[in-house]
Amino acid sequence: MAKRVTAEDVARSAGVSKWTVIRAFTPGASIAEKSRLRVLEAAESLNYRPNLLARSLATNLTHQVAILVDDFKNPHKLPVLEILTWQLQSEGLLTVLININEHFDHVQALLDAGQRQVDAIILFGTAFRPEMLEDDRIQGGAPLYVLARDSQIPNVPAITCDTPLAMRELCEYFYSKGYRRPAFLSGAKTLSTALGRRRAFNAFWEAHGSKPVLGASAASYSSGHGFEAARILFQETPREQWPDLLMCENDALAFGAIDYVRSTLKLRIPDDIAIAGFDNTPLAASPAYDLTTYEQPAIEMVAAILSMILGREPRENRAFRGKLVSRSTA
């Protein structure tokens, strides 16, 4: 095996000191342009790459960002993760993806990320609860950010789609179509609250005379649990009170609800009941569903969180306008 080329080797080849080599590969370091170019030419000829671990010890930066995800069944996660990891990598940041599950909870994940001395932690899930940050072992760790859901925790910025605006646009669209018996299918109530979608939906319809609004909760944001929650909603509601509109908190729930309504109830969509989702995941455009939904501005949200991590923008809550996507289900 060939010997690894070191900074000392580059320094000898370039005729400079080891510290000049280190400065040449340190962004923002003070170094004459002539010396920097001499170092880079020597490094290229020797096929040298700086040791990022050694640099992190000197700069106290690891250039690693931890992403905590707890609902991989949600089809919205993968497209956003693709954008997020791509943008982080374009800035020279390495992603550490941590899977939150029944065997590894949020507190364990935060402690694990802290031990790895990551530069920032992004909470990108649904089961995150504010009280977990009260654990004394977590205090003073890497800066935290919440992506795609609200946060009311001081010093933990939330980067979200503008929920009140999104639900108002959706509801005004439904109202203009003549729907008057709305229902809302959410995820688990304890997880759904931070999204705020159900609250905004109910507020609109109550203001327009539809009170109370029918509702049901799914155990998780998956199509299987959406199917089961829709079954319970229709079985527990008298036939004459069935909704003519079912708004689902995300696309995965809507897919399950559509499957139930078509396969079991034999209802026509949207003639008998309209169904809509939220996120505009790739499957939503499939002819199998052709789902009316709302697209979150993932690119803008990721750009904002990246700018905060890199110190280009202040760390503060940001909400971005998304886009209503009208298709055949509503």
Look at the side chain of Ser13 and the backbone N and O of Val10, then say whether any donor-acceptor pair between them is shorter than 3.5 Å.
-> no
Is a side-chain donor-acceptor pair under 3.5 Å present for Arg198 with Ser217?
-> yes
Do the side chain of Arg231 and the main chain of Ala257 share a donor and acceptor less than 3.5 angstrom apart?
-> no
Whether Asp251 side chain and Ala284 backbone form a donor-acceptor pair below 3.5 Å | no
Arg38/Glu41 salt bridge by N-O under 4.0 Å criterion | no
More than 12 foreign heavy atoms under 6.0 Å from CG of Asp271: is that the case here?
-> yes
Looking only at atom types and distance, does a side-chain atom of Thr329 sit under 3.5 Å from a main-chain N or O of Thr292, one as donor and one as acceptor?
-> yes
Decide yes or no for Lys77 and Phe124: does some side-chain heavy atom of the first lie under 4.5 Å from some side-chain heavy atom of the second?
-> yes
Mind telling me whether Trp205 and Phe201 have parallel, tilted or perpendicular rings, with 30° and 60° as the class edges?
-> tilted
With side chains defined as the heavy atoms from C-beta onward, is the minimum distance between Tyr289 and Asp259 less than 4.5 Å?
-> yes
Near Arg262 CZ, under 6.0 Å, is it more than 12 heavy atoms from other residues, nucleotides or ligands?
-> yes
Is Glu249 close to Tyr221 at the side-chain level, that is, under 4.5 Å between some pair of heavy atoms?
-> yes
Does the side chain of Asp272 reach to within under 4.5 Å of the side chain of Leu265, using non-hydrogen atoms?
-> no
Close side-chain approach of Pro79 and Thr281, heavy atoms under 4.5 Å | no
Does Glu295 have any salt bridge (charged side-chain N to carboxylate O under 4.0 Å, His left out) partners at least two apart in sequence or in another chain, and if so, which?
-> none
Side chains of Val65 and Leu84 in contact at under 4.5 Å (non-hydrogen atoms) = no
Are the side chains of Phe278 and Met247 in touch, meaning some heavy atoms are under 4.5 Å apart?
-> yes
Those residues that, when tested against Lys73, pass salt bridge (charged side-chain N to carboxylate O under 4.0 Å, His left out) (two or more places apart) | none
Report yes or no: does Asp162 contribute a side-chain atom to a donor-acceptor pair with the main-chain N or O of Ala319 at less than 3.5 Å?
-> no
Would you indicate whether the side-chain heavy atoms of Phe234 and Val261 approach each other to under 4.5 Å?
-> yes
For Arg315, which residues count as a salt bridge (charged side-chain N to carboxylate O under 4.0 Å, His left out) partner, sequence neighbours excluded?
-> none
With distance as the sole test, does Ser210 use its side chain to make a donor-acceptor pair with the main-chain N or O of Val213 at under 3.5 Å?
-> no
